[in-house]
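Reading through the structure tokens given below for one structure.
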Amino acid sequence: MAVLACQLEPTTVPDVLGVGAFVSYGFSSPLRLCLLLLAAWSVLGVVGLVRPLSIAFVGRTLFPLGAVIGATLAVVAAAGMSCPVEQLVLPIGLPNLPVHLRLDGLSGVFLILLGAASAGISIFAAGYFRQGEGTAPGLLCLQYHLFLSSMGFVLLADDAYAFMLAWETMALSSYFLVTTQHRIPEIRQAGFLYLLMAHLGAIAILLSFGVLQGGTWQFTFDAMRAAHLAPNWATTAFCLALLGFGAKAGLVPLHVWLPEAHPAAPSPVSALMSGVMLKTALYGMIRVSFDLMGQPLWWWGLVPLSLGLFSALYGVVFAAAQTDMKRLLAYSSIENIGILFTGLGLAIVFAGVEMHAAAALTLIAVMYHAMNHAFMKSLLFLGTGAVLHATGERNLGHLGGLIHRMPWVAWLTLIGVLAIAGLPPLNGFVSEWLLLQSFLFAYKVPHPFINMLLPLGAALLALAAALAGYVMVKFFGVIFLGQPRESALRRAHDAGFAERLGLAWLAAGCVLLGLLPTHFISLLNVVTLQLKIGGLPASDAPWWLLVPIPERQSSYAPLLFFAVILVVVVLAIFSVRLLYHQRIRKGAAWDCGFGGLNSRMQDTAEGFGQPIRHLFQPLFAIVRELPGPFDRQPKYRLEISDRFWRALYQPLGALVRHVADKVAWLQQGRIATYLLYSFVTLVVLLALML
Amino acid sequence: MNAFDWVVQLLGIALAVAAAPIFVGWVNQCRAWLQNKSAPSILQPYRGIRKLFHKDAVIAENASRLFRLAPYVVFGAMVTAAAVIPSIATRLPFTQAADAIALVGLLATARVFLSLAAMDVGTAFGTLGARREMMIGFLAEPALLVVIFVVSLTCATTALPMIAERLSAQSFALNPSLAFTAVAFTMVLLAENARIPVDNPATHLELTMIHEALLLEYSARHLALMEWAAALKLFNYACIGLAVFIPWGIATGHAPGSLAVSVMLLGVKLLVVGAGLALIETLSAKLRVFRAPEFLATAFLFAVLGLLVRLLLGA
């Protein structure tokens with residue numbers, strides 16, 4: 001990484017129509033290089049319109065190029081992390097409102113996330129999009145790459161205008177991506193709900209920035225950093241930011257759009273939204289609470305902490321009850337967002353009471369988990385995409401046994417499944433471990449009662465993590481294991497080369513982040529130092545040993561750990577082979593000798609989720625129709641829905657409609673009335689002026 | 001860290017692998033005595049394993065590679081877990097690689113592989129067993145973690161050998177938080193090892209099975225490894241309990257003498273624990289499967305209570 005020095009000499013490239021000057025300008029620093037790469041993404045999108053109907057051109061050429069840009073972006077951002085903070089003012093946009101950009105450690109980490117995860121997703125997408133499915137491929141390519149590039153600009157923006165511009169571009173481009181299959185009414189509806197929530201969130205963020213500028217009317221982030229807010233106003237700004245970013249992230253109760261929009265989108269888009277876009281909301285929250293606010297008040301942290309814990313449990317319990325594989329993953333995303341916000345809240349508490357090392361550890365755990373989730377959730381969403389293409393089924397009740405027909409997809413997905421279930425030695429466990437370690441500091445918070453209640457958060461977090469294991473066994477077991485539940489599944493085919501490559505890239509990310517945590521943690525440590533939260537205490541541990549807080553002597557060495565398991569497994573296999581015969585006979589499944597086994601005797605997705613539904617009944621709104629004993633055509637129907645929908649959103653919607661009806665009374669439809677309104681307004685204004 | 005430590009480490013692993021079936025044999029023996037039956041030999045589990053290794057393996061036609069790999073993974077996970085637990089000594093070099101939280105994660109890995117393998121053939125009993133095993137697991141795992149949080153708050157570390165060392169340095173006193181967590185831990189041990197109030201290791205009724213239902217499709221060497229892994233799991237749980245609640249006598253230095261004493265003491269402690277386990281199993285009746293979550297929720301609440309007591313009283 002050190003190859004890319006912080007200030008590279010401008011390279012001499014022969015100038016073709018000024019492109020050379022642009023490129024050499026771009027190469028002169030990491031920030032400019034990032035900018036160049038983001039611009040290249042947008043250009044790639046526009047090029048897609050040249051031959052919008054050609055899958056060969058768009059899929060085989062442009063998407064792989066996008067993946068290369070993504071991987072380069074990750075490398076550049078990683079190299080930029082070791083450089084000092086860099087700022088840039090671009091003279092574009094409205095007069096006197098230039099665009100401010102800034103590359104620091106925090107942006108760097110999230111740019112690595114964006115670049116590295118999108119590289120895998122783009123490669124997969126190269127093989128995924130087919131002819132005749134909704135939007136034309138060229139247009140899709142434009143929306144997709146605009147989406148990527150706008151997410152990059154969100155991370156680089158250093159003033160409120162640029163941020164909101166990029167944020168809205170991100171929301172709009174993803175809206176069009178969600179409604180790719182716009183001929184299906186449910187998908188249009190899901191897209192509308194998403195757009196609505198995105199805009200409600202954007203309003204809250206805009207208002208938050210309005211408060212943060214603190215009367216200076218300067219909307220650059222530098223001005224916000226310098227502004228000193230009264231505690232009340234700071235609290236208001238924090239709450240607005242939590243509302244806005246929480247809506248984007250899918251924090252309960254603002255999560256309703258997520259399980260609708262994620263399944264509606266094509267799988268690579270779901271992967272991008274769940275893996276990357278949700279993290280931009282986390283980025284915004286970290287940026288506002290630790291950077292723009294300066295010193296957060298400790299008790300603010302309790303709000304995201306409790307909402308996060310609730311989201312984590314709520315999400316995972318609902319995930320267990322789902323029968324649609326993409327909805328299941330969407331609810332699992334809500335769980336992970338809950339874990340991230342729990343950690344963020346804890347970090348704010350620690351930072352507020354000046355427990356620097358603990359705050360740094362917690363924030364590192366949060367960013368680590370964000371990176372992990374980007375890889376594992378994208379991997380799982382892409383896995384469902386491959387299954388969807390091979391079988392045309394999204395309903396878990398019609399799948400099964402695919403490990404035989406689609407071994408590549410199955411085994412690569414298994415890595416993601418084990419990772420997201422938080423099992424060592426994969427990456428999900430590392431962040432879980434770090435977060436639990438930081439929860440063990442919570443009893444030192446110098447506030448009575450709070451310091452007793454906080455460690456209980458660790459118990460709830462452990463419960464959510466264990467439930468995630470349940471959900472993931474259901475997910476993998478029902479899709480890939482057992483017998484095929486439909487005869488059509490026997491004709492399913494494995495994913496193509498590009499799709500396998502994309503899955504393998506993300507799976508490799510899960511494994512590497514799991515086995516080599518210390519390198520990435522030292523990168524994250526730069527961020528916490530730059531944010532003036534403090535850093536991890538120096539330790540003389542070797543590179544393979546993770547010792548976050550040396551005085552506690554808690555350590556974890558995934559590489560050694562994995563090596564020992566591997567050695568034991570290999571030894572067991574070989575000693576069994578050497579000492580005993582290897583005879584194997586294949587026969588029908590024994591099944592306790594009952595015979596007549598068929599695929600309908602396996603657990604369905606509903607059946608597998610039944611214990612959770614039973615245990616957490618109060619959380620669900622369940623409608624159940626049971627057949628009577630004399631029914632000629634017995635029918636069993638079970639419908640599970642979100643309580644929030646009925647308890648919060650429908651009354652809210654009714655209220656809005658009611659108010660709108662009342663306001664509509666003003667619209668008499670007669671020109672004389674409207675003239676009267678203008679006249680009255682003028683009179684009132686004049687009266688006020690005088 | 002020196003060569004002697006590595007020898008002790010390997011010795012500990014070998015001891016666990018060798019002694020685990022004998023420990024199961026001892027529990028079975030005690031239970032038979034308590035129930036006025038004539039007891040099988042203490043070596044009976046070994047004989048069973050040996051017999052299974054010599055048989056021809058029969059595998060269902062539609063089993064995948066995962067099904068054949070799982071016994072090795074589960075066995076490997078349990079052996080690695082044995083390497084992390086300070087059963088005879090606390091100066092174990094490998095314990096740096098994994099603390100108590102990683103140990104819980106390792107046990108969860110074994111559980112997930114076991115359940116996935118049970119779903120692989122696609123029989124009604126297999127999926128039923130997988131579902132129940134995961135149901136027990138998702139409640140037992142957090143309870144176990146909270147037990148670990150309580151002791152790690154007391155000892156300011158999550159490394160198991162340090163916990164054992166620091167607790168054994170204290171003189172024996174009835175510590176309320178540890179008492180609560182000991183109850184919780186015992187309940188988790190019973191549930192996770194398919195012992196009686198939750199599951200019956202000797203059952204022949206498919207509909208009440210949990211652990212046995214997972215293994216129904218396995219035969220011969222795969223079954224032998226699974227049985228051995230289950231014995232190791234029980235042994236490991238017993239050793240975790242001993243390291244946390246009765247740590248006195250575990251060798252903390254390098255002296256071979258103290259190591260010999262520690263091995264002897266471990267034997268005595270395990271004899272008592274095994275007898276206690278048999279007593280609990282004899283005195284209690286099996287719960288209906290629907291009641292198992294209540295049992296485990298109680299364990300979880302006991303552990304949380306222990307945590308609260310620890311934070312309130314500081315003891």
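In the text below, chain A, chain B and the rest are named by the order of the sequence lines, each starting its count at 1. Since the structure is predicted, the reported quantities are computational estimates derived from the model, not experimental observations. Note that these values count all heavy atoms, side chains included, but never hydrogens, waters or copies made by symmetry.
A:I584 has its side chain within reach of B:R68: a pair of non-hydrogen atoms, C-beta onward, lies under 4.5 Å apart. Between B:L311 and A:L453 there is no side-chain heavy-atom pair separated by less than 4.5 Å. At least one side-chain heavy atom of B:F125 sits less than 4.5 Å from a side-chain heavy atom of A:F594. Under the 4.5 Å side-chain criterion, counting only non-hydrogen atoms from C-beta, A:V570 is not in contact with B:Y72. Contact annotation: the side chain of B:M78 never approaches that of A:V568 to less than 4.5 Å [non-hydrogen atoms, C-beta and beyond]. Looking at heavy atoms from C-beta onward, B:M119 lies out of side-chain contact with A:F476 at the 4.5 angstrom threshold. Side chains of A:W433 and B:D99 form a contact here, defined as non-hydrogen atoms less than 4.5 Å apart.
Contact of B:I59 with chain A is made through backbone and side chain together, with heavy-atom distances under 4.5 Å. Only the side chain of A:I403 comes within contact range of chain B, judged by heavy atoms closer than 4.5 Å. Only the side chain of A:L414 comes within contact range of chain B, judged by heavy atoms closer than 4.5 Å. For A:F449, no part lies near chain B; criterion is any non-hydrogen pair under 4.5 Å. For chain B, the nearby part of A:F429 is the side chain; its heavy atoms alone come within less than 4.5 Å. Contact of A:L615 with chain B is made through the side chain alone, with heavy-atom distances under 4.5 Å. For A:I573, the parts lying near chain B are the backbone and the side chain together; criterion is any non-hydrogen pair under 4.5 Å.
The shortest heavy-atom contact between B:R131 and A:Q610 is NH1-OE1, 4.2 Å.
Surrounding CH2 of A:W411 are more than 12 heavy atoms belonging to other residues, nucleotides or ligands, all under 6.0 Å away.
In this structure, the side chain of A:Q602 does not engage the main chain of B:T123 through any donor-acceptor pair within 3.5 Å. Between the side chain of A:S554 and the main chain of B:T158, a donor-acceptor pair closer than 3.5 Å is present. In terms of modelled atom types and a separation under 3.5 Å, the side chain of A:S555 and the main chain of B:Q96 share a donor-acceptor contact.
Scored by the ring-ring contact (aromatic ring centres under 6.0 Å, His included) test, A:F574 finds no partners at all (sequence neighbours excluded).
Classified by interplanar angle (parallel below 30°, tilted 30° to 60°, perpendicular above 60°), the ring pair A:F561/B:F94 is parallel. Using cut-offs of 30° and 60° on the angle between ring planes, the pair A:Y580 and B:H54 is perpendicular.
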